[in-house]
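Worksheet: the structure to be examined is printed underneath.
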Amino acid sequence: MTQTGAVSGSIRAEKRHPLIGATVHGVDLREPLDSATLKTVHALWMEHLLLVFPGQRISDEQHIAFGERFGSLEIHPSVAHRSSRNAAIYRVSNVDEAGNIVPPTDSAWQYLNQSWRWHTDSSFREIPSMGSILHGIEITSEGGNTLFANMYAAYDALLPDMKSRIAGLWVIHAHDYIIRTAPELAAKKDRGTYDDLPPVRHPLVRVHPVTGRKSLFLSPHTMVTIEGMPETEARALLDELIAHATDEKFVYRHVWAPDDVIMWDNRCTMHSVEPFDNRRTRRIMHRVTLVGEGAPVPA
Ligand code: OGA
Ligand code: MN
């Protein structure tokens with residue numbers, strides 16, 4: 001890790017990757033965040049896109065309180081993954097609340113596997129999420145790392161021809177696409193219980209409301225097609241953009257330590273989980289998800 005020199009009071013940030021991610025030291029997430037700290041953390045977040053707070057042994061209540069300093073919290077559409085104690089906690093876990101590994105035949109287990117695909121949280125909503133805050137409670141020693149891609153950098157690196165080709169395009173996103181393209185779920189009758197969410201349209205290139213920077217807005221697990229484009233052409237274009245944006249030069253791989261808390265900006269990043277032996281290996285992460293400030297602004 002290299003020091004970036006971002007120091008404010010006792011808060012210190014160290015870059016983890018040249019393009020995305022910094023570790024933040026000197027903030028205790030168990031304590032209420034005062035306004036000065038909130039401002040510093042927010043500025044670091046906008047600069048680095050993703051912040052890692054190591055060694056934060058927070059309760060769900062403290063996790064929620066930290067999230068609420070940045071805005072309101074979403075309730076996840078998948079009923080099975082909501083904590084029974086706090087609906088705002090999304091349980092990214094192959095272990096149920098009684099402590100047992102969920103059987104691979106269970107829709108909840110199968111739905112969660114879809115986070116192994118590249119995606120942006122809540123891209124299926126009319127107002128997608130602003131950011132997500134994930135607490136690593138029980139982590140894996142093999143696989144189960146989380147990959148994060150910088151979507152500003154991916155946009156900036158496109159050739160001018162591609163930038164003009166995609167300017168003004170709109171993508172149809174649907175929550176249902178996650179389910180119908182999941183091999184184990186597609187074939188089933190009972191695919192789980194989800195809030196009903198109609199398809200939405202989002203710009204392919206968006207402008208970040210805080211930084212003013214342009215980024216690619218991709219979320220492969222919800223992107224059905226491009227509006228007004230023949231199906232095969234749309235699929236080929238989306239696949240080309242996904243391959244480009246997930247090139248390793250744009251990607252930070254997070255290897256979890258217990259009680260890492262990671263906060264990422266869904267408006268300029270995309271992420272995926274690296275496969276692990278989820279039939280046998282326990283992995284418990286809790287997430288709160290920040291409601292977006294408005295529909296994505298087209299570039
Ligand atoms: C998420 C997700 C990441 C992880 O919480 O949004 O996709 O590491 N999971 O489990
Ligand atoms: Mn996710």
Side-chain angles (χ1 to χ4, degrees), residues 16 20-21 49-54 56 58 60 63-64 66-67 70 73-78 80-83 86-95 101-102 108-125 128-151 173 175 177-179 181-182 194 197 217-223 242 245-246 251-278 281-292:
R16 297 187 80 109
I20 172 169
L49 292 60
L50 174 159
L51 300 178
V52 180
F53 300 89
Q56 302 283 346
I58 49 170
D60 286 345
H63 189 172
I64 288 170
F66 176 68
F70 298 87
L73 306 182
E74 292 185 356
I75 306 294
H76 198 276
S78 170
H81 294 91
R82 295 175 195 162
S83 160
N86 290 299
I89 295 282
Y90 174 53
R91 300 184 67 258
V92 188
S93 172
N94 65 338
V95 176
I101 293 197
V102 177
W109 185 94
Q110 295 164 350
Y111 182 81
L112 206 63
N113 285 356
Q114 303 317 302
S115 61
W116 295 10
R117 297 159 77 182
W118 282 99
H119 65 280
T120 305
D121 294 335
S122 298
S123 53
F124 44 74
R125 291 188 193 277
S129 155
M130 165 166 58
S132 299
I133 305 170
L134 189 64
H135 176 203
I137 296 173
E138 218 172 306
I139 59 153
T140 48
S141 50
E142 248 175 81
N145 306 316
T146 312
L147 307 179
F148 295 92
N150 179 333
M151 303 299 280
H173 292 254
H175 180 259
Y177 192 74
I178 301 175
I179 296 155
T181 57
Y194 309 94
L197 290 158
F217 184 22
L218 300 176
S219 189
H221 75 350
T222 61
M223 295 194 297
I242 294 162
T246 56
V251 173
Y252 162 66
R253 167 181 285 104
H254 187 70
V255 179
W256 290 86
D259 290 311
D260 278 345
V261 172
I262 301 198
M263 166 172 200
W264 63 87
D265 189 334
N266 285 312
R267 300 164 296 187
C268 53
T269 66
M270 168 156 86
H271 59 278
S272 66
V273 178
E274 286 190 318
F276 65 100
D277 181 5
N278 56 342
T281 305
R282 299 161 61 87
R283 188 174 188 272
I284 304 178
M285 326 289 262
H286 283 188
R287 186 182 99 193
V288 299
T289 315
L290 307 175
V291 172

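Atoms within each ligand, like the ligands themselves, are counted from 1 in listed order.
- In summary, the atoms of ligand 1 found under 4.0 Å from a heavy atom of Val273, numbered by their order in the structure, are 3 (C), 4 (C), 8 (O), 9 (N), 10 (O).
- In summary, the atoms of ligand 1 found under 4.0 Å from a heavy atom of Leu134, numbered by their order in the structure, are 3 (C), 4 (C), 5 (O), 8 (O).
- The only member of Trp116, Phe148, Trp118 that meets ring-ring contact (aromatic ring centres under 6.0 Å, His included) when paired with His271 is Phe148.
- Donor-acceptor pairing under 3.5 Å is lacking for the side chains of Thr140 and Trp256.
- Residues Asn266 and Ser132 have side chains that bring a donor and an acceptor to within less than 3.5 angstrom of each other.
- By the 3.5 Å distance cut-off applied to N or O atoms, Arg287 is counted among the residues near ligand 1.
- The main-chain N or O of His76 is found under 3.5 Å from a side-chain atom of Arg82 such that the two form a donor-acceptor pair.
- Close contacts between ligand 1 and Asp121 involve ligand atoms 6 (O) [criterion: under 4.0 Å to a heavy atom].
- The NE2 atom of His271 and the NE2 atom of His119 subtend an angle of 90° at the Mn ion (ligand 2), given to the nearest 10 degrees.
- Contact analysis leaves Trp118 out of contact with ligand 1, as no non-hydrogen atom separation drops below 4.0 angstrom.
- Contact annotation: Arg283 has at least one heavy atom less than 4.0 Å from an atom of ligand 1.
- Side-chain contact of Arg287 with Thr289: a donor-acceptor pair under 3.5 Å is present, judged by distance alone.
- Note on Asp121: its N/O/S atom closest to the Mn ion (ligand 2) is OD1.
- Across all their heavy atoms, Ile64 and Ala88 have their closest contact at CD1-CB, 4.5 Å.
- Across Glu274, His119, His286, Arg117, heavy-atom proximity to atom 7 (O) of ligand 1 is greatest for His119.
- Nearest approach of His63 to Ile58, heavy atoms of both residues: CB-CD1, 3.6 Å.
- Here Phe148 has no heavy atoms under 4.0 Å from ligand 1, in either its backbone or its side chain.
- Under a 3.5 Å cut-off, the side chain of Asn94 and the backbone N or O of Trp109 do not form any donor-acceptor pair.
- Aromatic pair Phe124/Tyr177: centroids not less than 6.0 angstrom apart.
- Near Ser115, meaning under 4.0 Å from any of its heavy atoms, are these atoms of ligand 1: 7 (O).
- At the top of the distance list for atom 8 (O) of ligand 1, counting protein heavy atoms only, stands Thr146 OG1, 2.5 Å.
- Each of the atoms 5 (O), 9 (N), 10 (O) of ligand 1 lies under 4.0 Å from some heavy atom of Val92.
- In terms of polar-atom proximity, His271 is counted as a contact of ligand 1, with an N or O under 3.5 Å from an N or O of the ligand.
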